[in-house]
Every structure is written in C-alpha cells, then in structure tokens.
Amino acid sequence: MIKKTLLGAAFAALAMGSFALAPQPAQATEDNTLVIGTMWESMPLAMKPRRSRFFNESEILDTLVKLDYDLKTIPGLATEWDRVSPTVWQFKLRENVIFHDGTKLDAEAVKFSLERVIDLLPYAADLLNIKSIKAISPLVVEIENTEPFAALPNQLSDAITVVYAKSSFDEAGEFVKPIGTGPWKFEEYKKQDRTIVTRFDDYWGEKPALEKVVYRYIPDHNSRTLALEAGEIDFVTNMLPSDVKRLSEDDDFKVYAEPTSGLYYGAFNAGEKSVLSDVRIRRAVNALVDRDLIVKGALDDVGEPAWEFFAPSFDWAPQADEKYTLDPELAASLLSDAGYEKTDGKWMKDGEQLTLRILSYSSRTEMPMITEAMAALLNEQGIATEVGMYTWGGMLDLVKQGEYDVSVVFWTPEMTGHPDLHLKSQFHSKAGLNYQFWANEEFDAAVDKGRTLDPGAEQVATYTKAMNILHDEAPIIPLVHKVFVVASTKELQNYRIHPSGFFFDFKSVSK
C-alpha cells in the first residue's frame, strides 16, 4: 500500500507537467555555443531573485573568495586574506583585473560594491556583519565586523557578495545590469525565454573554451529533458528521477551525479497554532518517517536518506552526537506521553485524529514526490495529513502567518563551507528567515559563539552543542540529502559537478 501511494505520488507529479506547452526550438547549437535547459529563470536584470545566484553560477561576476571541489576556501578576486584583529580582516586583491566595461578592479571598487549590496539586499547585512569597509591601499580592502567573525571569508564566497562594477547601477544607485569581472559577460535577456552570456577575452583567469552560453528557461520538468533528447539543448538541470535512469542507459547522453550540501527537510511550526509546539510530537514524527523508503520509492534512489541535518560527506559540517532512526516504538511512547491513544490504527486525542497540515511548492523537481511520500508514510502510521502544493511565494505567505504544521523546503546547495550560513539564518531566534516560531537561548548562544571561532577543538565543541540542541528539540525533520544530477549530449567534454550545486564552472567545457 505504501509503495502504491509513493508511486502514485510520483506519477501525479509527472502528470502535472505533461500538459505543458512543448519547448520552443533553441537556437542552433554550434560547436562554440552551449545551450542549457534550466528550471529557474535566470533574471539577470534583478539582484534580489534567488539571491543573485545566477551571477555566480554563470560566472558573470566573481566573489572575493571561492570554494574548491571540497568546499574549501580558495582565492577569487582576493589572493589572500588575514585576520588582523578579532573583528578586522584585510583582503589583498588580484592585480590587473578589469571589469567587462574596461574599468579596473581596485579596493575602492570592492568597497563600493559591497556597500551597495548591503544597502539593496538586507539579507547581506546579516550574512556579513559589516561595521565598515576601507580601501587601505589600491589593492587592499579592510573589513571591520560588528563582532568577532571567523566565518567572514566563507561568507564572502556566497553569491550575494559578487563584486559589481559601478556601471551596474544608475545615478540613483539602483541596479541596471550585471557588469562584473567573470569569464562570461552578460549579452542578452529575453523574458521568460533565455539569457545569453559571451566569453570575456580579458578575463584574469582561465579563458573559456566556448564563445557563448545560452540559458534556456524551461520550467516544466518533463519538457527540459525532452528538449535535450530532441537536440534542442546540450545540457539539462534538475531532472526528474525517472529521466535520470532512462538517460543513464542511453549512450547518446552523459549523466553526472554527485552529492551536494543541500537538504530537503520539513520545517516544523513550533508556534501556538500547531500541535507541533509539543516537542514530543516533533520527535515522534522524526521517528516515524522512513527516509530510506522515500529515496528508494519516490526518487528512484536519486538522493541520500537524511537521518541528520548536515550531509556527512563534508568534513566542515558539524554533527550531533546522535542521528535520528526509524523507531515506531519510541514514537508510540512519545505520542502516548503527549496524550494520544492509538485506536483502530489512528492516533486520537479528545475524539480527533492527530492531523498535520503539510505545505510545499511544486517548482523544484523532487519536491512534490518527497512531500507526498512523507505524507503517505505518516498516514500509514496513523497520523492524518492535509497536503497543499503552492508556488514558493504562496507557501511562504501561509508559513509567515503560522497557518501550517510542516513546510517541506530545500536549503540550500549554495553552502559556503561553514555551518554559520544555515544555522544562523534559519534557526537563530532573531533570524529573518526563522518562520518556525522556535527559539532556544542555548542554541542562539552556541551559534553566536561558533561564528567567532577559528577551526579547532573549541569550534567543534561549540557547534556540536548547537547540533545536539537542534537534534533534541527537533524543529525540523531532515528528509533527503540532495544528489545533484545533470545530463548532457555525449559530445560535451570536461564537465564536472561542483558540490555547491550552484556553480557550473563551464570554463573548461567544450563540445
């Protein structure tokens, strides 16, 4: 019965997209042009959508610090950095770097860009904690933080901190278009259709082998893969699990799959409007959902079961001392202690069945399947569910009002190689993105301290304490660690998945 429900959920998700319009023909895919089918519209003429990720993933713009394929910090526009005091960092810039408009990169340009970003994007202020920025010399930028902040270099790898030329903004200081220092420069944008970037021959680093990259916006999950098979595009992202298996068996295509730092999880409403304000019920739900079955039954094994918050494959990610386990007996004990009694296979209290309102959004490929699978497994265990699939904005409106019990979300393959990004922005009681009405003073204190500490025993102990609280208080249910999958024609050469999942690195790619 569970298997039928899971397969039915997967089929329903597929069917939702089957009535979409067929993709429009792409421009001819010459040897010097790469055409990509993407799930999200790139939106190159706006900074706010998707936190400027397109500028980083396409490498139109650079960050001061980059992440290698182990998510370790490496030089970007800054060749080195030094923490000269607990609150002050200095970054030495590369020599002879120019923007796409021909102007030079220097400390004043970096200062201007970061100040503009903080002014226009409030999220950046919380991410960076900047008190002041100074141009110490033409190639040295000094950043003073509001508090000791060891995580700053990692945070400066986040896409929101890409460095813009002054000409990216108009006289009023409003963003106009992305002009950066990256290997690709913005060329053209057609709304709801495509964005085109071309090679920047004066790039400071490795020059791209290709001349042009076209990002085709194909939101329907079926249509993206069909466009690849029809020869309309060269490369496809965010594939349905069923398409992954089919293309893997076809010699005309290459399928690339690697674990990333992203996590699908259910965020629990710990506020007064939800039964999940009771930690015993939150822990019981964690003990009732079989993550292995979700990955196998709903995702065709495209993913890794998540019994802990951070993916275990990254050594910088702290872990709690214990993982969640599938334990129906523990769940029964917790629910009984919370006043529920199992009658005819249903968990009841005061004549009503325990029911969870589960919200999610359908724009991300695997989301409907994961959400429906979790709901089916809870139903099997006697907890009723009411599932609602929305746009991201529609779901968020309900979440902010507290009109939900569980919101199934994804956060975020664009990690910075440091736990501060997620723990501070999502679960700290003062975080702008904490819509779960959950707060814990000891957790806040551990996270606030952790971001001040250099790598070492004290940092490990501090973040382990935070993760133990997160585990015991259970404000979320981790479900699936993301395996990032893309596919291309067999002609594509030298592509490699970056573990951030939001950095394509097409410089070495050829056809």
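We're numbering straight along the sequence, starting at 1. Just so you know, these numbers use all the heavy atoms, side chains as well, and skip hydrogens, waters and symmetry mates.
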*Assess whether ring pair (Phe, Tyr, Trp, His ring centres under 6.0 Å) is satisfied between Tyr217 and Trp40, documenting all intermediate values.*
CA-CA 6 Å; Tyr217 172 52; Trp40 308 103; 9.1 Å; no

_Is there a salt bridge (Lys or Arg N to Asp or Glu O under 4.0 Å) between Glu308 and Lys323? Walk through the geometry before answering._
CA-CA 5 Å; Glu308 54 196 334; Lys323 300 179 182 180; 3.8 Å; yes

*asked:* Test side-chain hydrogen bond (donor to acceptor under 3.5 Å, both in side chains) on Asp158 and Thr416; report intermediate values, then the result.
replied: CA-CA 6 Å; Asp158 190 280; Thr416 62; over 6 Å; no

Assess the side chains of [X] and [Y]: does a donor N or O sit below 3.5 Å from an acceptor N or O?
X	Y	value
Asp420	Gln155	yes
Arg451	Asn154	no
Trp411	His422	yes
Asn145	Asn129	no

*asked:* Is there a ring pair (Phe, Tyr, Trp, His ring centres under 6.0 Å) between Trp392 and Tyr361? Walk through the geometry before answering.
replied: CA-CA 5 Å; Trp392 166 255; Tyr361 53 102; 5.0 Å; yes

_Nearest-0.5 Å distance that lies between atom OH in Tyr463 and atom CD in Gln319_ =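 Rounded to the nearest 0.5 Å, the OH-CD separation comes to 14.0 Å.
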
*asked:* Can you classify the ring geometry of Phe235 versus Tyr495 as parallel (below 30°), tilted (30 to 60°) or perpendicular (above 60°)?
replied: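 It falls in the perpendicular class, over 60°.
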
*asked:* Would you call the rings of Phe504 and Phe506 parallel, tilted or perpendicular, taking 30° and 60° as the class edges?
replied: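 The rings of Phe504 and Phe506 lie parallel, inter-plane angle below 30°.
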
_Any donor-acceptor pair under 3.5 Å from Ser277 side chain to Ser274 backbone_ = yes

*Checking Thr452 side chain against Phe149 main chain: does a donor-acceptor pair fall under 3.5 Å?*
no

*Do the two ring centres, one from Trp347 and one from Tyr340, sit under 6.0 Å apart?*
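No, ring centres 6.0 Å or more apart.
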
*Kindly state whether the ring of Phe410 and the ring of Tyr264 have centres lying under 6.0 angstrom apart.*
yes

*Yes or no on side-chain hydrogen bond (donor to acceptor under 3.5 Å, both in side chains) for Asp243 and Thr225, after CA distance, side-chain angles and deciding distance?*
CA-CA 7 Å; Asp243 292 334; Thr225 302; 3.2 Å; yes

*Only one of Asn269, Asp405, Thr385 clears side-chain hydrogen bond (donor to acceptor under 3.5 Å, both in side chains) with Arg357; which?*
Asp405

*Sort out for me which residue in Phe309, Phe268, Tyr435 forms a ring pair (Phe, Tyr, Trp, His ring centres under 6.0 Å) with Phe427.*
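By the ring pair (Phe, Tyr, Trp, His ring centres under 6.0 Å) criterion, Phe427 pairs with just one of Phe309, Phe268, Tyr435: Phe309.
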
*Residues that Asp252 engages under side-chain hydrogen bond (donor to acceptor under 3.5 Å, both in side chains), provided they are two or more places apart*: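 With neighbours one apart ignored, the set is empty.
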
*Quick one: which residue pairs count as a ring pair (Phe, Tyr, Trp, His ring centres under 6.0 Å) with a foot in residues 365-389, not counting sequence neighbours?*
none

_Among Leu247, Thr489, Val236, exactly one meets side-chain contact (heavy atoms from CB on, under 4.5 Å) together with Glu229. Which residue is that?_
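It is Leu247; the other options fail the test.
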
_Would Arg496 pass as a cation-pi partner of Tyr69, given that its NZ or CZ must be under 6.0 Å from the six-membered ring centre and within 45 degrees of the axis?_
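Here Arg496 passes the 6.0 Å and 45° test against Tyr69.
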
*asked:* Going by side-chain hydrogen bond (donor to acceptor under 3.5 Å, both in side chains), name the pairs with one or both residues in residues 326-335, residues two or more places apart or in two chains.
replied: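 For residues 326-335: none.
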
*Do the charged groups of Asp300 and Lys296 touch, with an N to O distance under 4.0 Å?*
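Answer for the salt bridge query: no.
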
*For residues Arg291 and Leu479, report the shortest heavy-atom separation together with the two atoms involved.*
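Shortest heavy-atom separation between Arg291 and Leu479 comes out as CG-O, 3.2 Å.
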
*Audit row: Leu396, Leu398, side-chain contact (heavy atoms from CB on, under 4.5 Å) steps and yes/no*: CA-CA 5 Å; Leu396 201 57; Leu398 293 171; over 6 Å; no

*May I ask you to check whether over 12 heavy atoms, not counting those of Lys346, lie within 6.0 Å of atom NZ?*
no

*Can you tell me if CD on Gln401 sees more than 12 non-hydrogen neighbours from other groups inside 6.0 Å?*
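Atom CD in Gln401 is packed in, count exceeds 12.
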
